[in-house]
2 protein chains.
Amino acid sequence: MSTTRDGSSRTASPSTTRDLRSFDESLPMALMRAREAVMRRFRPILAEHELTEQQWRVLRALDDVDDSITVGELAERTFLLGPSLSRMLVTLEERGLIARAADRGDARRSKTEITPTGRRLVATIAPRSEIVYDEISAQLGHHDLEQLYDLLRRTAAVTDQP
Amino acid sequence: MSTTRDGSSRTASPSTTRDLRSFDESLPMALMRAREAVMRRFRPILAEHELTEQQWRVLRALDDVDDSITVGELAERTFLLGPSLSRMLVTLEERGLIARAADRGDARRSKTEITPTGRRLVATIAPRSEIVYDEISAQLGHHDLEQLYDLLRRTAAVTDQP
DNA sequence: TATTGTTATACTCTATAACTATA
DNA sequence: TATAGTTATAGAGTATAACAATA
């Protein structure tokens, strides 16, 4: 690698002004490429179960919490907008994968939880997800993988406070 | 961090079977969160210039190559599907940001290039992109940032050959 | 017969605003 | 008056198939 990023002009650059890191090497693209590589293996598995990537995010997020959570909380965790999520929850409820109930105490809030059927679906898909994970773990090694997580966490933290 | 990922059951896990890494900690989500953090700062800049994230990817990819490239090549580099790209190119051409011409030699191929207007737009936006980049660079430090790139590259390589 | 790119079609998600009902 | 969630609406991207032109 060893790309010059110290503010000086880059070696192969025809421009005198400071360049963007080349497209292929830009951080957003590097992140997207890594994610694509992971998801490319995983999307067919989801498709078999007629789940979109976003619906899977919702199920996984709900599978993680033991209790039910509000729509707002769920939107934050899944990076989905309220309106998108709202309609997705209708679909997932119709499929019996999630259940909703009004919050006792604050009737504006609607609490969502995953159903046993939903948990079974997650449990069915989970092992296939592990295979992809293991490939990456084997490739990078445990130490480097943890380091990747750490670097990603620190990157995400940079712009957490807008 | 130090999550147990060696195949043994996890400490806080109620399940006897092998768990998924928790949703928040899953690799795709970690990658998405990092990317979101970067793009959250950048999207408003693109919106000012009425560009979507995908249109920006196309312009950046074309700005990178000195020559014109085929639609297929462009699709690969930008992670866009042919039909999506095809329609986007019409829009970008109408805006005078790109130009297309039939390939001499193989009339099936259509070669695309960025126009001077397109390059000016990229040059206008680029410095704002650098600010975001510098924040991350400052936070992680040069060494760790390069390491992040290296780890992302190795992650992407894992599933390159399906 | 295979390849390159475009069109057609249906669906999903994004994004913003407006609305309902609570608080 | 502010908040939580839904509905409305417009637009963009995804995905697959079908198609035209060319190799």
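The figures here come from the full heavy-atom set of this structure, side chains too, leaving out hydrogens, waters and symmetry mates. Just so we're on the same page: letters track the sequence lines, and every chain starts at 1.
- Taking E113(A) as the reference, S68(A), A99(A) meet the side chain to side chain contact (heavy atoms under 4.5 Å, CB included) condition, with sequence neighbours excluded.
- Contacts of E48(B) classified as salt bridge (Lys or Arg N to Asp or Glu O under 4.0 Å), with partners at least two apart in sequence or in another chain: R128(B).
- Annotation: side chain to side chain contact (heavy atoms under 4.5 Å, CB included) contacts of S84(B) (sequence neighbours excluded): L81(B).
- A distance of 8.5 Å separates CG in L152(B) from CG in L151(A), rounded to the nearest 0.5 Å.
- Partners of R87(B) according to the salt bridge (Lys or Arg N to Asp or Glu O under 4.0 Å) rule, which considers only residues two or more places apart in sequence or in another chain, do not exist here.
- As judged by a 4.0 angstrom heavy-atom cut-off over every strand, L80(B) is placed among residues touching the sugar-phosphate backbone only.
- Among the protein residues, T52(A) comes within range of the sugar-phosphate backbone only, with heavy atoms under 4.0 Å from sugar or phosphate atoms but none that close to a base.
- When rounded to the nearest whole Å, the span between CD of E53(A) and P of dT14(C) equals 10 Å.
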Output a table of nitrogen or oxygen pairs between the protein and nucleotides 21-23 of chain C separated by less than 3.5 Å.
from    : atom 1 : to      : atom 2 : distance (Å)
dA23(C) : OP1    : A107(A) : N      : 3.0

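- Counting only heavy atoms from C-beta on, R109(A) has its side chain closest to dG5(D) among dA8(D), dG5(D), dG5(C).
- We find that NZ of K111(B) is positioned 18 Å from P of dT22(D), with the value rounded to whole Å.
- Annotation: proximity of residues 86-95 of chain A to DNA chain C (heavy atom, distance under 4.0 Å) is found for R87(A), M88(A), numbered in ascending order.
- The list of ring-ring contact (aromatic ring centres under 6.0 Å, His included) pairs with a residue in residues 75-131 of chain A, not counting sequence neighbours, is empty.
- Annotation: side-chain hydrogen bond (donor to acceptor under 3.5 Å, both in side chains) contacts involving residues 91-104 of chain B, sequence neighbours excluded, comprise E93(B)-R100(B).
- Applying the side chain to side chain contact (heavy atoms under 4.5 Å, CB included) test to S86(A) and every residue at least two apart in sequence or in another chain returns nothing.
- Under the rule for a salt bridge (Lys or Arg N to Asp or Glu O under 4.0 Å), the partners of R43(A) that lie at least two apart in sequence or sit in another chain are E36(A), E53(A).
- Residue contacts for R57(A): at a heavy-atom cut-off of 4.0 Å it reaches no nucleic acid atom on any strand shown.
- Atom CD in Q55(A) sits roughly 17 Å away from atom P in dT14(D) (whole-Å rounding).
- Distance CG (L81(B)) to P (dT16(D)): 8 Å, rounded to an integer number of Å.
- Of the inter-residue distances, the one linking Y149(A) atom OH with L140(A) atom CG reads 10.0 Å to the nearest 0.5 angstrom.
- Whole-Å rounding puts the I69(A) CD1 to dA4(D) C1' distance at 14 Å.
- Taking the C1' atoms of five terminal pairs at each end of the helix from dT1(C)-dA23(D) to dA23(C)-dT1(D), the two resulting helix axes are inclined by 10°, rounded to 10°.
- Projected onto DNA chain D by closest heavy-atom contact, R43(A) and P83(A) fall at different nucleotides, the more 5' of which corresponds to P83(A).
- Atom pair E50(B):CD and dG11(D):P shows a separation of 12 Å (rounding to whole Å applied).
- One can place CG of D103(B) at 11 Å from P of dT4(C), the figure rounded to the nearest angstrom.
- Applying the side chain to side chain contact (heavy atoms under 4.5 Å, CB included) criterion to T124(A), with sequence neighbours excluded, gives H49(A).
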How far apart are the C-alpha atoms of L62(B) and L97(B), what are their side-chain angles, what is the distance that settles it, and do they pass the side-chain contact (heavy atoms from CB on, under 4.5 Å) test?
CA-CA 10 Å; L62(B) 290 174; L97(B) 301 173; over 6 Å; no
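- Following rounding to the nearest Å, M39(A) (CE) and dC13(C) (C1') show an atom-to-atom distance of 15 Å.
- The nearest heavy atom of DNA chain C to L85(A) and to L85(B) marks one nucleotide each, and the one closer to the 5' end goes with L85(B).
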